[in-house]
Trainee: 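I have a structure here, written as structure tokens, and I will follow up with some questions on it.
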Amino acid sequence: MVLTTPEDIVQAVFARVRAADPSVAQLYAPDAVLNHGDGVFTGRDEIEAFYRGVFAARRPQPHVQALFVNLPTVAALLRVETADEGVLQVVDVFQVSDGLIREMRVCYRAAPGH
């Protein structure tokens, strides 16, 4: 599948996360930065290690509820089911340019009633 738009790239992130596919890191620029509550991860190697840890511990299943696009920014509103934290409400904010993710910031909290 050819990823032609920033929205396609962001949707591919979630498809690969649902499949626990560490190649999700290849969607990021070599010097990309991922900001998460667990820390800041810089470069594909650190980002891949981050995802491998998430897959092992949380087995996340993100479901995109909405995408908000104001290029180069793409924000995804998600409902994420996890093995360790239950259901989370998540907003992932991506900076996408030249066909790669340059930066991603994750903001989340437990969903009401969980």
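Because the structure is a prediction, the values reported are computed rather than measured. Residues: numbered from 1 along the sequence shown.
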Trainee: With side chain to side chain contact (heavy atoms under 4.5 Å, CB included) as the test, would you mind laying out the steps for Ile47 and Asp45 before giving the verdict?
Mentor: CA-CA 5 Å; Ile47 291 170; Asp45 290 342; over 6 Å; no

Trainee: So which atom in Pro22 and which in Ala20 form the shortest heavy-atom distance, rounded to 0.1 Å?
Mentor: CD-O, 3.3 Å

Trainee: Under a 4.5 Å cut-off applied to non-hydrogen side-chain atoms, are Arg79 and Val87 in contact?
Mentor: yes

Trainee: Going by salt bridge (Lys or Arg N to Asp or Glu O under 4.0 Å), name the residues that satisfy it together with Arg102, two or more places apart in sequence or in a different chain.
Mentor: Asp98

Trainee: On a heavy-atom basis, which atom in Asp31 and which in Thr42 lie closest, and how many Å separate them?
Mentor: O-CG2, 4.3 Å

Trainee: At what distance, to the nearest 0.5 angstrom, does NE2 of His36 lie from SG of Cys107?
Mentor: 10.0 Å

Trainee: Using every non-hydrogen atom in the two residues, find where Val10 and Val96 come nearest and quote the distance to one decimal.
Mentor: CG2-CG2, 4.3 Å

Trainee: For Tyr51 and Val17, run side chain to side chain contact (heavy atoms under 4.5 Å, CB included): C-alpha distance rounded to whole Å, both residues' side-chain angles, the deciding distance at 0.1 Å, then the answer.
Mentor: CA-CA 8 Å; Tyr51 277 112; Val17 168; 3.7 Å; yes

Trainee: Side chain to side chain contact (heavy atoms under 4.5 Å, CB included), that's the test. Do Gln95 and Ile101 meet it? Break it down for me.
Mentor: CA-CA 6 Å; Gln95 298 298 315; Ile101 299 165; over 6 Å; no

Trainee: Taking the side chain as everything from C-beta on, heavy atoms only, tell me whether Glu48 gets closer than 4.5 Å to Glu46.
Mentor: no

Trainee: So does Asp8 get a backbone contact from the side chain of Thr5, meaning a donor-acceptor N/O pair under 3.5 Å?
Mentor: yes

Trainee: Quick check on the hydrophobic clustering: are Val33 and Val93 connected, directly or via other members, by side-chain heavy-atom contacts under 4.5 Å?
Mentor: no

Trainee: What residues form a side-chain hydrogen bond (donor to acceptor under 3.5 Å, both in side chains) with Arg105, not counting sequence neighbours?
Mentor: none

Trainee: Taking the side chain as everything from C-beta on, heavy atoms only, tell me whether Leu34 gets closer than 4.5 Å to Val40.
Mentor: no

Trainee: According to a 4.5 Å side-chain heavy-atom criterion applied to Ile, Leu, Val, Met, Phe, Trp and Tyr, with indirect links allowed, do Val91 and Val13 form part of one hydrophobic cluster?
Mentor: no

Trainee: Assess the residue pair Val64 and Leu77 against the criterion (side chain to side chain contact (heavy atoms under 4.5 Å, CB included)); give the C-alpha distance rounded to whole Å, side-chain angles, the decisive distance to 0.1 Å, and a yes or no.
Mentor: CA-CA 6 Å; Val64 178; Leu77 176 62; over 6 Å; no

Trainee: Can you confirm whether Phe94 sits close enough to Ile9 that some side-chain heavy atom of one is under 4.5 Å from a side-chain heavy atom of the other?
Mentor: no

Trainee: Just by modelled atom types, is the Glu7 backbone N or O under 3.5 Å from a matching donor or acceptor in the Gln11 side chain?
Mentor: no

Trainee: Answer yes or no: is there a donor N or O on one side and an acceptor on the other, between the side chain of Arg44 and the main chain of Tyr28, under 3.5 Å?
Mentor: yes

Trainee: Considering all heavy atoms of both residues, which atom of Ala57 and which atom of Ala83 are nearest to each other, and what is their separation?
Mentor: O-CB, 4.3 Å

Trainee: Answer with yes or no whether the hydrophobic clustering places Leu88 together with Leu67; edges join I, L, V, M, F, W, Y residues whose side-chain heavy atoms lie under 4.5 Å apart.
Mentor: yes

Trainee: Can you say whether the rings of Phe41 and Phe50 are parallel (under 30°), tilted (30 to 60°) or perpendicular (over 60°)?
Mentor: tilted

Trainee: Same cluster or not: are Leu100 and Val69 linked, directly or through other Ile, Leu, Val, Met, Phe, Trp or Tyr residues, by side-chain heavy atoms under 4.5 angstrom apart?
Mentor: no

Trainee: When you measure from the side chain of Arg18 to the backbone N and O of Pro62, does any donor-acceptor pair fall under 3.5 Å?
Mentor: yes

Trainee: Can you measure from CZ (Phe68) to OG1 (Thr73) and round to the nearest 0.5 angstrom?
Mentor: 13.5 Å

Trainee: In the single-linkage hydrophobic clustering (I, L, V, M, F, W, Y; side-chain heavy atoms under 4.5 Å), do Leu27 and Leu71 co-cluster?
Mentor: yes

Trainee: Can you find a pair of side-chain heavy atoms, one from Gln65 and one from Leu78, that are under 4.5 Å apart?
Mentor: no

